[in-house]
Amino acid sequence: MNWEALLAPYKQVVEELKVKLKGTRSQFEYDSSHSPIEFVTGRVKPVPSILEKAKSREIPLENIETEIYDIAGVRVVCQFVDDIYTIVKMLRRRNDFKVIEEKDYITNKKPSGYRSYHMIIEYPVEMVQGRKFVLAEIQIRTLAMNFWATNEHSLNYKYSGSIPTEIKERLQRASEAAFKLDEEMSMIKHEIQEAQRMFRRKF
Ligand code: 0O2
Ligand code: 0O2
């Protein structure tokens, strides 16, 4: 398998989506209105992770491009839960890509305690060989959801997917705490935004 050639369009997609979404964030800042985007990150799934996912889902290698949706992954992190739905609506309206699927793990959190909003998109990317349609996953979550997911992901990696029960229970409680944190912050959202408008962050 020529991984470099296969992953080249995915790299291009991640870079383009990062530029576009970071641009949206700047636009909100020029308008001096609250930006629903705190920060944007992105990555191309490393080859060992692609292989592992293909193996565990019994996906033949020739089907990975159509059956693994997150080879290109972009993450949009927000301050408030409301912001997530603002971004979702904004992304649905765009005409530079097509939304294929949406998964609301906020309304329906995963058994692990994971919360996030996922959008699978089909993105047309111009390669020297011509236009190619590539699948990409956009994860939209709050800072609190991101904190939880990052830590849980590390523990999953450490314990190869079998986190000890005691730690799992703590993660469940931490997920509840993150949910409460989001809820409490939403209650004082207008206060926070007013303060942030008054003292525009200069970093
Ligand atoms: P800046 O100067 O911080 O605005 P890149 O290729 O560097 O553009 P990449 O490869 O996705 O982006 O890098 P990474 O390390 O994943 O981080 C991407 C962006 O997210 C960086 O900003 C980080 O500063 C920012 N980031 C990561 N974690 C946090 C966090 O907890 N809070 C905040 N506010 N930002 C975070 P920029 O835009 O690349 O550069
Ligand atoms: P990475 O790069 O290690 O993050 P499905 O077939 O719908 O059950 P699928 O297709 O994998 O599953 O999609 P899903 O579950 O909607 O989303 C996949 C990605 O969401 C994962 O990528 C994670 O990034 C994130 N995710 C989903 N569930 C959890 C969870 O319980 N904890 C954490 N921390 N992240 C989660 P990968 O494949 O793990 O790749």
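Each ligand, and each atom within it, is numbered from 1 in the order the structure gives.
For the pair Asp70 and ligand 2, the shortest N or O to N or O distance falls below 3.5 Å. At least one N/O-N/O distance between His118 and ligand 2 falls below 3.5 Å. At under 3.5 Å, a nitrogen or oxygen of Arg57, whether backbone or side chain, sits near a nitrogen or oxygen of ligand 2. Note: an N/O pair closer than 3.5 Å links Lys110 and ligand 2 by distance alone.
Protein heavy atom in closest approach to atom 2 (O) of ligand 2: Arg43 NH2, 2.9 Å. In terms of protein heavy atoms, atom 19 (C) of ligand 2 is closest to Gln139 NE2, 3.5 Å. When hydrogens are left out, the protein atom nearest atom 37 (P) of ligand 2 is Lys45 NZ, 3.6 Å; that is the closest non-hydrogen contact. Closest to atom 31 (O) of ligand 2, if we only count protein heavy atoms, is Ser112 OG, 2.7 Å. Nearest non-hydrogen protein atom to atom 33 (C) of ligand 2 is Glu152 OE1, 3.2 Å. Regarding atom 11 (O) of ligand 2, its nearest protein heavy-atom neighbour is Lys53 NZ, 2.9 Å. If you check which protein heavy atom lies closest to atom 4 (O) of ligand 2, you get His153 NE2, 3.5 Å.
Atoms of ligand 2 found under 4.0 Å from any heavy atom of Lys103, numbered from 1 in the order shown, are 7 (O), 10 (O), 13 (O), 14 (P), 16 (O). Near Glu137, meaning under 4.0 Å from any of its heavy atoms, are these atoms of ligand 2: 17 (O), 18 (C), 19 (C). Against a heavy-atom cut-off of under 4.0 Å, Ala149 is close to the following atoms of ligand 2: 34 (N).
Checking Arg141 against Gln139 by side-chain atom types alone, a donor-acceptor pair falls below 3.5 Å. One side chain, Glu152 or Asn156, offers a donor N or O that lies under 3.5 Å from an acceptor on the other. Side-chain contact check for Tyr10 and Arg43: no donor-acceptor pair (N or O, by modelled atom type) lies under 3.5 Å. Asp104 and His118 form no side-chain donor-acceptor contact under 3.5 Å, judged by distance and modelled atom types alone. No side-chain donor from either of Gln193 and Glu191 sits under 3.5 Å from a side-chain acceptor of the other.
When Tyr114, Tyr105, Tyr157, Tyr69 are ranked by how near their heavy atoms come to atom 29 (C) of ligand 2, first place goes to Tyr114.
Across every non-hydrogen atom of Val40 and Lys22, the tightest pair is O-CE, 3.7 Å.
Around NZ of Lys98, the count of heavy atoms belonging to other residues, nucleotides or ligands within 6.0 Å does not exceed 12.
A heavy-atom distance below 4.5 Å is found between the side chains of Arg115 and Asp182.
If you take CZ on Arg75 and CZ on Phe39, they are separated by 8.5 Å, rounding to the nearest 0.5 Å.
A salt bridge between Lys189 and Glu184 is absent, with no side-chain N of the basic residue lying under 4.0 Å from a carboxylate O of the acidic one.
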